[in-house]
Structure formats: C-alpha cells, structure tokens
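Okay, so here's the structure we're looking at.
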Amino acid sequence: MRYRDLGRSGLSVSEIGYGAWGIGESSWVGATEDASVRALHRAVDLGVNFIDTARGYGESERIVGQVVRERAGDEVLVATKVPPRNGVWPPADGTDPSEAFPGAYIRSSLETSLRASGLDHFDVFQFHVWSDEWVGRGDWLETVADLKSEGKIRSFGVSVNDHRPESALALVRSGAVDTVQVIYNVFDQTPADALLPACQEHGVGVIVRVALDEGGLTGRITADTTFPEGDWRNRYFRDDRPAQVERRVAAIVADLGIGQDEMAEYALRFVLSSPAVSTVIPGMRSVRNVERNTALSDGRPLTAGQLAVLAGHRWPRDFYA
C-alpha cells in the first residue's frame with residue numbers, strides 16, 4: 001500500500017481508503033455485519049489506514065469503531081460526518097449557518113458519534129453538506145477550533161455537495177478547512193477544473209468519493225440491472241440511466257482495448273493519477289472487493305494515452321442537473 005499526505009493536516013493516509021456507507025445496513029441493501037467486519041479487517045491487513053463513515057450511515061460508525069478498537073495497534077484513521085441539523089441536502093440558497101450547523105449541535109452530534117463508535121476522537125470531522133455562504137458566519141468555526149484543542153478531532157473537513165465542487169471554493173481559499181470530500185470520477189471530472197487546483201494551492205487534503213459512480217464504472221451495470229426494493233440505487237440508476245451507463249462503459253472499454261472486468265481498475269487509477277488526490281474511498285462490502293481495490297496501490301500509472309481516453313468520456317455537466 002502506498003500513502004499520501006492528507007493536505008497540511010499532518011496525517012498520512014493510504015491512497016486506497018475504505019468508504020463505509022454501504023456497510024451501515026441503511027441505504028444499501030445486502031450488507032451483513034459479519035461480512036462487513038471481515039472486509040474491514042482484511043482492508044487493514046492490506047495496509048488501508050483510512051476509513052470514512054458518518055452519523056447518518058446507519059450502523060456504520062458502530063461497526064467501524066468496533067474494528068478500529070480491535071486493531072488499535074494498527075493506527076487506523078477514522079473520518080466521520082455530522083449531518084445538517086435542518087436535514088436539508090444540499091443546503092438551500094440563503095440558509096443561515098445557525099440552521100444547519102450551530103455550535104452546540106455540532107458538539108452534540110460529535111459526542112453521539114464518539115459514543116456510537118466507542119472511540120475517543122475522530123481524525124477527520126466533516127460537515128455532511130456545505131455552502132460557501134457560511135464562510136465567516138456563524139459559530140461553527142469557533143466550535144471546530146475548540147474540539148481540536150480538546151483533542152476530540154484532529155482535522156476538520158466538509159463533504160462537498162454532490163456534483164457541485166464549486167460550492168466549496170471560497171472555503172478552501174479561506175484557510176479554514178483541512179480536507180474536502182468530493183465526487184470525482186471518469187464521468188464527473190468537474191472538480192479538476194477549479195477545486196482540485198485550489199486544494200493543491202492551499203494545502204487542503206482531497207478525499208474522493210463515488211470514484212466508481214456508485215457501480216456505474218465497474219462494468220457491471222447494464223440496461224437490465226435492477227436493485228432490491230429499498231436500495232437507494234434504484235433512484236440513482238433511474239429511467240434509462242443504466243442503458244446510458246452500459247453504452248458509455250462499452251465505449252471506454254473499446255477505446256482502451258481492455259476487458260470489461262478491468263473497468264473498475266482503470267477508473268480508480270484515473271482518480272489516483274491526480275496529484276491533488278490524497279485518498280479514494282470506494283465502498284467495499286466484501287473481502288473480494290477489498291483485495292481487488294487495494295491491489296491497485298502499486299505505483300503503476302496510466303499512460304498519457306489512457307488518461308486522454310478516459311478524460312474524453314466525461315458526462316456533460318447538465319447530466320447531473
């Protein structure tokens with residue numbers, strides 16, 4: 001496993017991290033706790049030292065905390081997130097920071113997460129939504145500073161609103177944040193336009209989520225793909241989107257001259273090709289997925305030609321509108 005600096009935070013993170021939304025048994029159907037625990041342990045065995053969870057991920061914080069406590073000698077770093085108090089994703093224009101992240105609420109949510117996980121601190125504490133209208137307003141920044149001084153968190157970040165990387169540019173430039181978590185993949189390359197360069201310039205660590213487009217870039221989504229009732233992917237892959245994904249992936253595979261089963265590897269390597277990226281956090285609910293994804297941390301870069309092919313397959317910006 002190879003490691004990268006998490007911006008200026010002083011933390012060194014495995015370039016393949018562990019996204020723990022899918023193991024929380026809430027929005028993703030099919031996870032079992034036994035399988036999740038085995039996958040987490042295997043990830044740590046293979047050098048993964050960064051796990052991302054959230055207060056809103058069902059049982060995820062509890063499961064992650066259990067494994068991290070069992071692996072105390074491995075110095076595994078854990079990131080979690082506080083949901084907005086008003087429950088609005090993404091925040092509406094004009095929302096006051098006191099509605100979403102008042103100081104007392106931030107502290108209360110953190111204490112709940114610490115109890116759920118059994119941990120005494122989090123290495124990265126993130127707001128689960130963000131609006132640049134909040135820079136310099138509210139008492140959230142003072143609360144974050146207090147939590148750092150108390151040793152309850154080591155660094156502060158935000159999870160950037162889906163497909164809106166420009167919504168955190170002012171925050172990054174303000175110097176008030178240590179990390180951002182953002183959607184970045186072959187289909188949505190928008191962060192590379194402004195956010196990733198800004199993070200490099202200001203020493204902000206970048207945590208990439210949805211690097212495989214919730215499964216769209218694994219090569220396994222077809223026009224006939226269905227998901228269990230209650231699984232949130234039924235909304236994500238709505239209407240004719242599975243067919244569109246199948247066609248786009250087939251074109252990428254043909255242009256690269258690779259096998260369909262290699263699509264996920266190339267998609268992850270594309271994300272890791274950016275020097276701004278600190279870690280990518282694919283969801284890994286099985287030992288097989290852990291072993292497949294961690295094997296990519298081998299220092300082998302894509303060629304300029306392969307990167308050009310992948311860069312040419314981004315969706316139009318209005319696709320996610």
Side-chain angles (χ1 to χ4, degrees), residues 7 21 26-27 52 54-57 79-110 113 124-145 147 153 155-185 187-202 204-211 213-214 232-233 235-239 241 276 314-321:
W21 180 21
S26 55
S27 299
D52 178 80
R55 181 87 292 274
Y57 290 174
T80 196
K81 308 179 196 74
V82 50
R85 186 180 68 170
N86 60 4
V88 178
W89 269 271
D93 291 345
T95 300
D96 192 274
S98 65
E99 298 175 44
F101 294 110
Y105 166 76
I106 293 168
R107 181 177 291 275
S108 174
S109 181
L110 173 62
S113 293
V124 183
F125 184 57
Q126 304 158 101
F127 290 177
H128 214 149
V129 300
W130 178 254
S131 168
D132 267 349
E133 295 178 7
W134 301 337
V135 174
R137 299 173 57 208
D139 62 352
W140 60 269
L141 186 57
E142 291 82 359
T143 301
V144 166
L147 294 173
I153 65 173
S155 56
F156 167 67
V158 300
S159 183
V160 181
N161 306 324
D162 289 0
H163 310 294
R164 291 173 56 186
E166 69 283 350
S167 66
L169 276 171
L171 177 66
V172 166
R173 292 165 177 160
S174 75
V177 71
D178 302 304
T179 70
V180 296
Q181 183 178 138
V182 65
I183 292 176
Y184 178 51
N185 58 48
F187 289 159
D188 186 355
Q189 300 174 33
T190 313
D193 297 338
L195 183 64
L196 298 189
C199 288
Q200 275 194 286
E201 179 183 353
H202 295 278
V204 174
V206 175
I207 303 163
V208 171
R209 70 181 189 270
V210 197
D213 188 49
E214 309 296 10
W232 85 282
R233 287 171 293 180
R235 298 194 305 275
Y236 190 78
F237 292 104
R238 61 191 178 275
D239 303 324
R241 183 165 180 178
R314 65 192 292 173
W315 291 114
R317 183 68 194 274
D318 60 4
F319 180 80
Y320 294 104

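These numbers were taken from a predicted model, which means no experiment stands behind them.
For the pair Ala54 and Thr80, the tightest heavy-atom approach, listed with the atom from each and the gap, is CA-OG1, 3.3 Å.
Using a distance-only test at 3.5 Å, with no hydrogens or angles considered, a donor-acceptor pair links the side chain of Glu133 to the main chain of Gly94. Side chain of Arg233 to main chain of Glu214: no donor-acceptor pair is present (N/O by atom type, distance under 3.5 Å, no hydrogens or angles). A donor-acceptor pair under 3.5 Å links the side-chain atoms of Trp134 to the main chain of Thr95, judged by distance alone. Using modelled atom types, no side-chain atom of Asp178 and backbone atom of Ser155 make a donor-acceptor pair closer than 3.5 Å.
The shortest side-chain heavy-atom distance between Val180 and Trp130 does not fall under the 4.5 Å cut-off. At least one side-chain heavy atom of Ser167 sits under 4.5 Å from a side-chain heavy atom of Val160. Contact annotation: the side chain of Pro91 approaches that of Asn161 to within less than 4.5 Å [non-hydrogen atoms, C-beta and beyond]. The side-chain heavy atoms of Val206 and Val182, taken from C-beta on, include a pair separated by under 4.5 Å.
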Cut-off 3.5 Å, no hydrogens considered: what does the side-chain donor-acceptor table look like for residues 98-108, sequence neighbours left out?
| residue | atom | partner | partner atom | Å |
| --- | --- | --- | --- | --- |
| Ser98 | OG | Asp96 | OD1 | 2.6 |
| Glu99 | OE2 | Asp96 | N | 3.3 |
| Tyr105 | OH | Pro83 | O | 2.6 |
| Arg107 | NH1 | Glu150 | OE1 | 2.9 |
| Arg107 | NH2 | Glu150 | OE2 | 3.0 |

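With values rounded to the nearest 0.5 angstrom, Phe127 atom CZ is found 6.0 Å from Trp140 atom CH2. Summarising the geometry, atom NZ belonging to Lys81 is positioned 3.5 Å from atom CG belonging to Asp52; distances are rounded to the nearest 0.5 Å. Rounded to the nearest 0.5 Å, atoms CZ (Arg55) and CD (Gln126) are 14.5 Å apart. Between Ser131 atom OG and Leu171 atom CG the span is 10.0 Å, to the nearest 0.5 Å. The structure places NE2 of His202 at 9.0 Å from CG of Leu169, a figure rounded to the nearest 0.5 Å. Atom CH2 of residue Trp315 and atom CG of residue Asn185 lie 10.5 Å apart, to the nearest 0.5 angstrom.
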Under the side-chain contact (heavy atoms from CB on, under 4.5 Å) criterion, do His128 and Tyr57 qualify, and how do the steps go? CA-CA 11 Å; His128 214 149; Tyr57 290 174; 3.7 Å; yes
